[in-house]
Amino acid sequence: MIKITLPDNSVREIESGTTGLNIAKSISSRLAKEVMAISVNGEVWDLNRPITTDANIKLFTWDDREGKETFWHSSAHLMAEAIEFFYPGTKFGIGPTVDTGFYYDVDLPEGKQLTEKDLADIEKKIIELARTKSEIQRSDVSKADAMAMFTEKSDELKLELIRELEDGTITLYNQGNFTDLCRGPHLPNTSYIKAIKLTSIAGAYWRGDEKNKMLTRVYGVTFPKQKFLEEYLVMMEEAKKRDHRKIGKEMELFTFSQAVGQGLPLWLPKGAMLRQQLEDFLRKVQNKFGYEQVITPHIGNVELYKTSGHFQKYGEDSFQPIKTPAEGEEYMLKPMNCPHHCELYKFKPRSYKDLPVRMAEFGTVYRYEQSGELHGLTRVRSFTQDDAHIFCRPDQLKDEFKKVIDIIFIIFKALDFENYTAQISLRDPEKPEKYIGSPENWDKAEQAIIEAVQEKGLNTVTELGEAAFYGPKLDFMIKDALGRSWQLGTIQVDYNLPDRFDLEFIGADDKRHRPIMIHRAPFGSMERFVAVLIEHTAGKFPLWLTPEQVVILPISEKYNEYAQNVSDFLNNCDIRSLIDDRNEKIGRKIRDNELKRIPYLLIVGEKEAETGQVSVRKQGDGDQGVMSKDEFAAFLNNEVKKQLSAFYN
RNA sequence: GCCGGGGUAGCUCAGGGGUAGAGCGCAUCCUUGGUAAGGAUGAGGUCACGAGUUCAAUUCUCGUCCUCGGCUCCA
């Protein structure tokens, strides 16, 4: 007999060799049906693997991440079996799970190709295979046996993987006619898988290295119930409606032109207005935090970027230098603002009493991103950073860093961004050649971020190898409508640029000292931020950001005078745009489709003219009642306040 | 940059070797004047661009540009 301990700390005595599935059965028959995996002393196991020692266990179902992963991992194997059925001789790379579903990288036989049209057949086959209720069996094998087996299949992808494994740790999983090298765990049998959707097909480099062969990656997602699949499909449809590229076009916020060039966004009037609102908002916040606005040119001498180190790092992948009539003189479109700001810092000697110096600029930069990477407004070749650089003393660093976190919180709160991930990006200790600057400075910079984050009580994940080449950073990531993660806010600690630019301040000791630089951009870039904002609000921006809010619709011309009064009033309320149906003095004629998008409609008619009132309608919310001018003022202010309250809090 | 889909009216898309289609939108007129509407008529297209095959190319082939899904990259 062995002792197992459940998550609630209750202990059960069971026979040695009992499986997770049997334990689940002994608890309840319903759990036995839903359970998908078990953790044994912290390690996730197959349900049908015998437990032979005392253990802490936890059972996982579809509701647990571990349950889903086991489910999808088995699904990947099943898909591989189906693909092998249609394309014998296919070689299999890796088939892991992702956030939603799984994929398998496959190398199809010479001359064969998978297209979207083939997916339906594979889906059918998978369901067919699932229904056979094949057991998924685990077996330990020696390295030699594993090598022999995959040599016979001449699957050099698997052989490459096996070569890197240690003898004694190699396990195979088999279901039906398919055997795969795999660590597991897996479902007991294939019948759990009830519904499948193969979502897409794409190329992917073997082992993620662009020097390697390109394999075919098939993405899929499976569910234990048909209903879950249907819900998933509906959700994806809904998500597509929120795509900022679609809404941006419909609302006439921005566009692209082949003639202007790839990845170069053109902001339409309404989009420009929206963006300006965001800039004004941030400028106000930054003013409160002691920032000063600066303005720098869009180009800079190549030498400037050689000093900063950016040219050596990115020169070949940038827009190439611009020649001038002068022999040998070259300028670059600026790919970042920092070097310009360093020069601003240097324009006069700085005292320790002057620090911190906080320079802010909505600076437009130009980066030649790989063509395949461009994506709506989230990845473009010209974008405007809400950039600022803080030059401070070492003793001010942590405090300054924390204040930047505060600014980011103000922004996220005002715009209801709750589901962000804060990520500390540190250097990759195994690839020091990727970074500039001394290890001591890197240690200091990384430590400063970690401490500031701890003191702010921020939940973070830490990623090694994600740092910028000149310093570590704290990034705020937000997901778009389709669940893709984008970096928005970023704060970076930099000891290197001050060195390279030989920045100094005079200390209280009358000696020269090196300031530390913080790079930061709460929005990240205006382009990307607007994109994410569109997807979060589905184009229903907070009132204070809405391009057009109120329409006056007089019923007949003799009320124009009254409409004019209302219009004057609205103008005083900082309402940007008024549209009137028939009064040309106020505006152009309104179109029906425009009317549908406008949040507030005022109807000014005979009754209202007599009583001095307006009928107010709110889009999606119907009649708000008949109001006097003052009542309407109060109403509108209240609406604005509702939207602003988050900011005021 | 790489693999694989696309590019037909302002938008969403159908079609297909013989001079181009729908719905929505747009324009004009009518109707309606407490209404986020109804009707009639009409204007919009070198079928992304360039070359080739052909009696004939928007359709087939190749190249270029752009775009979409991934991969790689992301100062």
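The analysis underlying the following values was restricted to heavy atoms, covering all of them including side chains, and did not include hydrogens, waters or symmetry mates. Every chain is numbered from 1 and lettered A, B, ... according to where its sequence line falls, protein lines coming before strand lines.
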* Asked: Which one is paired to rC49(B), where only Watson-Crick or G-U wobble pairs with both distances under 3.5 angstrom count?
  -> rG63(B)
* Roughly how far apart, to the nearest Å, are rU8(B) and rU46(B) at atom P? -> 12 Å
* Nearest-angstrom distance, P atom, rU64(B) to rC2(B) -> 10 Å
* Under 4.0 angstrom between K249(A) side-chain N/O and rU12(B) OP1 or OP2 -> yes
* Rounded to the Å, how far apart are R427(A) CZ and rA75(B) C1'? -> 18 Å
* In whole Å, what separates the C1' atom of rU58(B) from that of rG50(B)? -> 15 Å
* To do: Please state whether the base of rC73(B) and the side chain of R379(A) form at least one donor-acceptor pair under 3.5 Å?
  => yes
* Base, sugar-phosphate alone, or nothing: which one does A204(A) contact when heavy atoms must sit under 4.0 Å apart? -> sugar-phosphate
* Does any nucleotide pair with rA40(B) by Watson-Crick or G-U wobble geometry, both distances under 3.5 Å, and what is it? -> rU28(B)
* Asked: Which part of the nucleic acid, if any, lies within reach of S200(A) when heavy atoms closer than 4.0 Å are counted: base, sugar-phosphate only, or nothing?
  -> sugar-phosphate
* Asked: Base, sugar-phosphate, or nothing for Q113(A), non-hydrogen atoms under 4.0 angstrom?
  -> sugar-phosphate
* How close do P522(A) and I407(A) get, heavy atom to heavy atom, and via which atoms? -> CG-CG2, 3.9 Å
* To do: Determine the contact category for G372(A): base if any of its heavy atoms lies under 4.0 Å from a base atom, sugar-phosphate if only primed atoms, P, OP1 or OP2 are that close, otherwise nothing.
  => base
* Asked: Looking only at atom C1', what distance separates rA51(B) and rA43(B), rounded to whole Å?
  -> 34 Å
* To do: Classify the side chain of R245(A) and the base of rC68(B) as holding, or not holding, a donor-acceptor pair under 3.5 Å.
  => no
* **Interatomic distance at C1', rC73(B) relative to rC3(B), whole Å** => 16 Å
* Now, which nucleotide makes the Watson-Crick or G-U wobble pair with rU58(B), with each of the two distances under 3.5 Å? -> none
* Asked: Of R207(A) and F256(A), whose closest RNA chain B nucleotide lies nearer the 5' terminus?
  -> F256(A)
* Asked: What is the distance from NZ of K211(A) to P of rC3(B), rounded to the nearest Å?
  -> 17 Å
* Asked: Please give, in whole Å, the distance from rC3(B) C1' to M214(A) CE?
  -> 5 Å
* What pair of heavy atoms forms the shortest contact from A467(A) to S425(A), and how long is it? -> CB-O, 3.6 Å
* **Phosphate OP1/OP2 of rG70(B) contacted by H375(A) side-chain N/O (<4.0 Å)** => no
* Asked: Are D494(A) and K473(A) close enough, and set up right, to give a salt bridge (Lys or Arg N to Asp or Glu O under 4.0 Å), and what steps lead you there?
  -> CA-CA 9 Å; D494(A) 185 359; K473(A) 52 185 183 163; over 6 Å; no
* Spacing of Y103(A) atom OH relative to rG4(B) atom C1', expressed in whole Å -> 17 Å
* To do: Rounded to whole angstrom, note down the C1' distance from rA75(B) over to rU61(B).
  => 43 Å
* **For atom CD of Q258(A) and atom C1' of rG7(B), their distance in whole Å** => 9 Å
* Structure fact -> Applying the 3.5 Å cut-off to both distances, the Watson-Crick or G-U partner of rG4(B) turns out to be rC68(B)
* To do: Measure from NZ or CZ of R367(A) to the centre of the six-membered ring of F383(A) and say whether it is under 6.0 Å with the direction within 45° of the ring axis.
  => no
* Asked: Using a cut-off of 4.0 Å on non-hydrogen atoms, how would the nucleic acid contact of K334(A) be classed: base, sugar-phosphate, or nothing?
  -> nothing
* Centroid-to-centroid, Y470(A) to H519(A), below 6.0 Å? -> yes
* To do: Give the rounded distance in Å between these two atoms: CD of E369(A) and P of rA75(B).
  => 9 Å
* Between rG23(B) and rG69(B), how far is it from one C1' atom to the other, in whole Å? -> 27 Å
* To do: Would you classify Q262(A) as touching base, sugar-phosphate or nothing, given that sugar-phosphate means primed atoms plus P, OP1 and OP2, and contacts are heavy atoms under 4.0 Å?
  => sugar-phosphate
* What is the nucleic acid contact for Y219(A), judged by heavy atoms within less than 4.0 Å: base, sugar-phosphate only, or nothing? -> sugar-phosphate
* Who does rC11(B) pair with, Watson-Crick or G-U, both distances under 3.5 Å? -> rG23(B)
* To do: Please confirm whether any donor atom in the side chain of Y205(A) sits under 3.5 Å from an acceptor in the base of rG70(B), or the reverse.
  => no
* Asked: L266(A) has an atom CG; how far is it from atom P of rC66(B), in whole Å?
  -> 14 Å
* Asked: Base of rG44(B) relative to its sugar, syn (within 90° of 0) or anti?
  -> syn
* Structure fact -> From CD of Q487(A) across to C1' of rA75(B) the rounded distance in Å is 11 Å
* Candidate list V493(A), T490(A), I405(A), test side-chain contact (heavy atoms from CB on, under 4.5 Å), partner L474(A), passing option -> I405(A)
* Asked: Mind checking whether Y435(A) and F469(A) have ring centres under 6.0 Å apart?
  -> no
* Using the P atom as the reference point in each nucleotide, state the distance between rC47(B) and rA9(B) in Å, no decimals. => 10 Å
* Asked: Passes side chain to side chain contact (heavy atoms under 4.5 Å, CB included), V221(A) versus T199(A)? Steps please.
  -> CA-CA 7 Å; V221(A) 59; T199(A) 44; 4.1 Å; yes
